[in-house]
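Just below is one structure, and these are the notes that go with it.
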Amino acid sequence: MRAHSLTIDRRRLFRGAAVLTLAGLLAFAVGAQSAQGQATAPAKPFSAQVEKRAAEMRKKMTLEEKVGQLVQFPNGGTRGPDGKGIDQNELLARGGVGSLMSPSDASAVNAFQKQAVEKSRMKIPVIVGTDVIHGFRTIFPVPLGLSASWNPDLVEKTSRVAAVEATSEGIRWTFSPMVDIARDARWGRIMEGAGEDPYLGAQFAAAAVRGYQGKDLSDPTSMIACAKHFVGYGGAESGRDYNLVDMSERTLRDVYLPPFQAAADAGAGSFMSAFSSLQGVPASANHHTLTDILRGEWGFRGFVVSDWDSVNELINHGVALDGETAARKAVTAGVDMDMGSGRYGENLVKLVRSGKVPERVVDEAVERILRVKIAMGLFEHPYTDETRRQTVLFAPEHVALARRAAVESFVLLKNDPIAGGAPALPIAEGKTVALIGPLADNAGEMLGVWECRGRDSDVITLRQSLADRLKDKLIYAKGTEIETDSEAGFSGALEAANRADVVVMALGETRRMTGEAASRTKLVLPGNQLKLLQAVAATGKPVVLVLFSGRPLALPWEAAHIPSILEAWYPGDQAGPALASTLFGETNPAGKLTVSFPRAVGQEPLYYSIMNTGRPVNPGNPYVTRYIDELTTAQFPFGWGLSYTKFDYSATKITTTAARAKDLNTTGAITIEATITNSGARPGEEIAQLYIRERGTSVVRPVRELKGYQKILLKVGESRLVKFTLTKKELSFWNIDSKQTVEPCELTVWVAPHSDGGQPAQITIAP
Ligand code: BGC
């Protein structure tokens, strides 16, 4: 097997970022626009002038220069796209590369750019990209955590801040957002997306694109988004990363494509083709998805970059025997830029010269890339202002947003009364608190993975925040490591618990247990953390479990025995302050799950919007769809999340009197409403969710599908009427004739606090 010609540790390079001082930070306005009520931009973000200029420029290029534009090369790579030892400056100067990955800082970017712009014949600037996933220097919660806010406006803001920071170091392109639907908690990359639902996923996809790209691509703070991994990657069989994906065209259309289409509609400048195969065709050689759907049906005018080495990996998939065939298949399917494999650089010139790849294919790919570079204003302003980073990186406003984002990401999974009295949360003032666990004071873990230029030293841990607040009323004991068998710390933990009024346990996964190549078959607390938790719970002290994870975990003992559980994900820089304010009730948790938490790993893939079977669950009848040793339901369902206050839902009311498929397929709508009341003792935010089910249709439809939600703030005793509208967008699906259409059916709707609640209402959709 041929060694990977460009293999370098990209993440290590990236972590070698310049050290910058926080002194002299200036006030900086985030300037993100509200997501509410914003119309999505058209799928074609380029003006006629941009299109024309790209075409004219392409006509002046030699074949070698055109192929150069299709090559992405990692900064620091030692062998070039043609497989030979490389002088990076020489490569840039001869126009042999269109994009660079992960340079160290703005001055490095400017030095590379100088070669491209001043030395190369065509003077085409390089586009510099890296993985800015949940913040650049200021680190926000991991994407799955951010999605638990059900607040796309928040993600638009965090993405805007990430863009403002990253562009100050010359990064004008991010390989984000990951908009893969993920329904299997074993898959480590579930952490990188917005969860299991296509409706919600589409909202977050569009919001991230708006945030990264800003209002105008030519603004120096605009960063091109990259919707990834196109497509189906999250459906990896067995939840094992990189594994094959096999699904029907219907599931692809109804579930996996909508967030990508939303990203394209929001104007995403680029897409990334996945590692995985779909229905036997590797994503990086899939003409149907990359060309027929993305360009043909959606009108996408940006460019597609392969995932890392995935062009070369066509050989491993077995659809190419050599690099030449791999390059030919990828480029003709619609992969415009080759990330890191070198196969385009090595082969495309000769493939065109020998007539095996029509030059038109290369021309189209080049124009797509040039369009983006032109729209970004790179030709006019190729260089990065090296002074801006001093005022924007880790600016106080960004840090404040990180705190707010962390607060919004927390999900209160459980908060039972203790011995018939008040629940342990929020913790009353004056109590002595024992803080126990390996994640209570671990700065690095709080950042999650893809931490970009985040620094451990920027993080405030839960221990630091509680120590500030509680002084000598805090007793800290680490208790154990995340992954160990040693019980050496148990006695200290028990002693701390015994001296306290309430115990906060900070337990969970290491951050490296999620992300790429981090699939798990066990969804339990690693090491001996459960044993420690059980020992502490046996003291009889009220226990609050703060759970850090990048995925749903299956925690049956914990769910049954621990009265209060708060899912904190990986909260980012402001983990401590955000958690402390939540634990003490200054902020009221309002997040809701965007992924189902299983009871047992054997239930995976587990998601709420399943298709009914011919034998639905029916207690008392053994010959139905079920397990003989476990329930089929989630431990904590999609949409679940509690508050320190209480919300009551009225019956769901359909306010439309008659509905016809004919009208709904054009401009018709069905309107729905319900009243929500804060009947508890604190103000709080509630996420009211609209679910539908269609029966009597040409194909089986899910038992429930999310089709709307509203996050509302209610004062104590306040009631609010929430209204929803269903149109073709929400009611149509890929029917038996392979048409996206609304069919006559019996429609059930619920306005509900989660995917397993609410009162149904019905209406017939007549033909
Ligand atoms: C990942 C992508 C990422 C790329 C570049 C790949 O291994 O799958 O999500 O954008 O590397 O770092």
Side-chain angles (χ1 to χ4, degrees), residues 4 6-17 71-77 98-104 127-136 142-144 159 162 166 171-182 187-194 205 208-209 212 223-236 240-243 245 259-260 263 268-278 282-284 303-314 316-317 330 335-342 448-453 512 514-519 550:
H4 189 315
L6 300 180
T7 298
I8 53 157
D9 183 345
R10 287 162 288 147
R11 277 149 214 143
R12 191 169 47 75
L13 271 176
F14 200 72
R15 296 283 291 166
V71 171
Q72 185 181 55
F73 183 73
N75 167 41
S99 171
L100 281 178
M101 277 177 86
S102 311
S104 54
I127 175 171
V128 175
T130 200
D131 293 276
V132 183
I133 307 294
H134 53 111
F136 181 74
V142 292
L144 187 62
S159 306
I171 311 288
R172 294 287 309 275
W173 180 23
T174 177
F175 311 131
S176 175
M178 185 189 101
V179 304
D180 295 306
I181 295 297
W187 190 53
R189 302 198 83 169
I190 198 169
M191 176 276 292
E192 295 179 49
V209 171
Y212 288 138
M223 180 162 70
I224 298 298
C226 182
K228 72 185 189 186
H229 307 84
F230 198 64
V231 55
Y233 185 45
R240 179 156 50 80
D241 203 9
Y242 314 123
N243 205 5
V245 177
F260 284 98
S270 70
F271 268 51
M272 183 186 288
S273 63
F275 288 127
S276 43
S277 65
L278 177 69
S284 296
F303 68 93
V304 173
V305 65
S306 74
D307 202 346
W308 177 262
D309 200 37
S310 68
V311 173
N312 190 48
E313 289 171 11
L314 296 180
N316 287 342
H317 279 289
V335 174
D336 304 307
M337 188 183 278
D338 172 6
M339 180 190 278
S341 96
V449 288
W450 292 119
E451 69 275 31
C452 227
R453 294 190 196 173
R512 307 252 171 249
T514 43
E516 191 177 344
S519 297

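Note that ligands are numbered from 1 as they come in the structure, with each ligand's atoms numbered from 1 the same way.
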Main-chain N/O of I127 paired to S99 side chain as donor or acceptor, under 3.5 Å = yes
Tell me, with the steps shown, if F303 and W173 meet ring-ring contact (aromatic ring centres under 6.0 Å, His included).
-> CA-CA 12 Å; F303 68 93; W173 180 23; 5.1 Å; yes
When D307, V311, N312 are each screened for side chain to side chain contact (heavy atoms under 4.5 Å, CB included) with D309, the one that passes is N312
Show which atoms of ligand 1 fall inside a sub-4.0 Å distance from at least one heavy-atom site of M101.
-> 5 (C), 12 (O)
Can you find an N or O of Y233 that's nearer than 3.5 Å to an N or O of ligand 1?
-> no
Does M178 have a non-hydrogen atom less than 4.0 Å from ligand 1?
-> no
Check: E192 N/O within less than 3.5 Å of ligand 1 N/O = no
N/O donor-acceptor pair under 3.5 Å between S306 side chain and S284 backbone | no
Between F260 and F271, what is the ring plane arrangement, given parallel below 30°, perpendicular above 60°, and tilted in between?
-> tilted
Run the numbers for me: atoms of ligand 1, each under 4.0 Å from some heavy atom of H229, listed by number.
-> 2 (C), 8 (O), 9 (O)
K228 neighbourhood, listing ligand 1 atoms whose heavy-atom distance to it stays under 4.0 Å = 2 (C), 3 (C), 9 (O), 10 (O)
Could you say whether the N/O atoms of R189 and ligand 1 ever approach to under 3.5 Å?
-> yes
When you measure from the side chain of H317 to the backbone N and O of F275, does any donor-acceptor pair fall under 3.5 Å?
-> yes
Expected output: side-chain H134 to main-chain W450 donor-acceptor under 3.5 Å | yes
Which residue from D180, D131, T174 reaches closest to atom 12 (O) of ligand 1 through any of its heavy atoms?
-> D131
Report yes if some N/O of D307 lies less than 3.5 Å from some N/O of ligand 1; otherwise report no.
-> yes
